[in-house]
Amino acid sequence: SSSVDASRISSRNPIGSHIVTGVTIRKLIKTYGLPYYLKVDIEGADRLCILPLTSDIRPTYLSFEVGDDIEELVNHLVSIGFTKFKMINQCNFRALENQRKLIDRICHKIIYILGYQHAQYVRRNSRFFRVEKSAGPAPWESDGKWWSSAKDLLSKWTKAKDVNKQGGWYDLHAM
């Protein structure tokens with residue numbers, strides 16, 4: 001486990017720490033240029049990369065891990081010009097609205113009958129991705145529809161979270 005916040009991993013018996021030189025997203029963009037797609041995964045500190053983005057400094061596509069600050073981050077994305085969103089489960093690479101599809105439940109049952117707990121790979125858009133060990137498909141190839149209303153997406157997320165039906169961890173894709 002790793003994190004920039006030691007309290008997030010203290011219960012996982014960390015074996016040590018290592019100090020590294022940090023760099024801001026603005027410095028990265030100034031040095032290397034604006035990316036077409038930015039995948040942020042700073043283990044609980046994604047906001048440090050998301051909030052400095054502006055309407056002048058933002059990629060076409062952006063992905064980051066959903067945390068407790070999701071509403072603030074999505075509202076920021078809307079304010080800087082992102083207009084479409086997806087919420088993707090990083091355990092099965094399904095969109096939030098496509099969780100527990102009948103075909104997935106049937107496949108899971110077959111895998112279980114064969115003596116396995118879970119599939120090791122899932123197929124999305126003719127490619128195979130290792131479950132829980134991969135970032136999955138790029139946003140433009142990911143499962144589900146693009147939501148043009150951040151409010152509707154956040155409402156669906158809150159409802160799924162309240163009834164504990166969202167299982168796994170999620171990435172938010174924006175464009």
Exercise. Picking from Leu172, Val66, Leu153, what satisfies side chain to side chain contact (heavy atoms under 4.5 Å, CB included) with Val74?
Worked result: Leu172
Problem set entry | Close side-chain approach of Leu28 and Cys49, heavy atoms under 4.5 Å | no
Problem set entry | Gap between atom CG of Asp152 and atom CD of Glu97 - 0.5 Å precision | 11.5 Å
Exercise. Phe64 and Ile70: side chain to side chain contact (heavy atoms under 4.5 Å, CB included), yes or no, with the steps?
Worked result: CA-CA 10 Å; Phe64 63 91; Ile70 186 63; 3.9 Å; yes
Exercise. Stepwise, does the ring-ring contact (aromatic ring centres under 6.0 Å, His included) test hold for Trp140 with Tyr36?
Worked result: CA-CA 12 Å; Trp140 53 91; Tyr36 179 70; 5.6 Å; yes
Exercise. Side-chain contact, heavy-atom cut-off 4.5 Å: Arg58 with Leu77?
Worked result: no
Seminar exercise, completed: Output for pair (Leu73 CG, Ile50 CD1), nearest 0.5 Å, gives 6.5 Å
Exercise. Taking atom CG of Asp143 and atom CZ of Phe93, what is their separation to the nearest 0.5 Å?
Worked result: 11.5 Å
Exercise. Do Trp147 and Leu96 pass the side chain to side chain contact (heavy atoms under 4.5 Å, CB included) test, and can you show the C-alpha distance, the side-chain angles, and the key distance before you say yes or no?
Worked result: CA-CA 11 Å; Trp147 291 77; Leu96 179 63; over 6 Å; no
Exercise. Do the non-hydrogen side-chain atoms of Phe85 and Pro139 ever get within less than 4.5 Å of each other?
Worked result: no
Exercise. Which atom pair, heavy atoms only, marks the closest approach of Lys86 to Ser142?
Worked result: NZ-O, 2.9 Å
Exercise. Should we say atom OH of Tyr32 is surrounded by more than 12 heavy atoms from elsewhere, each under 6.0 Å from it?
Worked result: no
Exercise. When you look at Val23 and Thr31, which way does the side chain to side chain contact (heavy atoms under 4.5 Å, CB included) test go after all the steps?
Worked result: CA-CA 11 Å; Val23 62; Thr31 303; over 6 Å; no
Problem set entry | Qualifying residues under salt bridge (charged side-chain N to carboxylate O under 4.0 Å, His left out), relative to Lys39, sequence neighbours excluded | Asp171
Exercise. Among the clusters formed by ILVMFWY side chains lying less than 4.5 Å apart, do Ile106 and Ile113 turn up in the same one?
Worked result: no
Exercise. Quick one: does Thr158's side chain have a donor or acceptor within less than 3.5 Å of a partner on Leu154's backbone?
Worked result: yes
Seminar exercise, completed: dist Thr83:OG1 -> Met175:CE (nearest 0.5 Å) comes out at 6.0 Å
For this session: Just say parallel, tilted or perpendicular for the rings of Tyr61 and Tyr37, cut-offs at 30° and 60°.
Result: perpendicular
Problem set entry | Close side-chain approach of Ile29 to Leu38, heavy-atom, < 4.5 Å | no
For this session: Would you mind listing every salt bridge (Lys or Arg N to Asp or Glu O under 4.0 Å) that reaches into residues 45-55, with sequence neighbours excluded?
Result: Arg47-Asp69, Arg47-Glu72
For this session: Could you give me the CA-CA distance, side-chain angles and deciding distance for Trp146 and His173, then say whether side chain to side chain contact (heavy atoms under 4.5 Å, CB included) is met?
Result: CA-CA 9 Å; Trp146 285 98; His173 293 327; 3.9 Å; yes
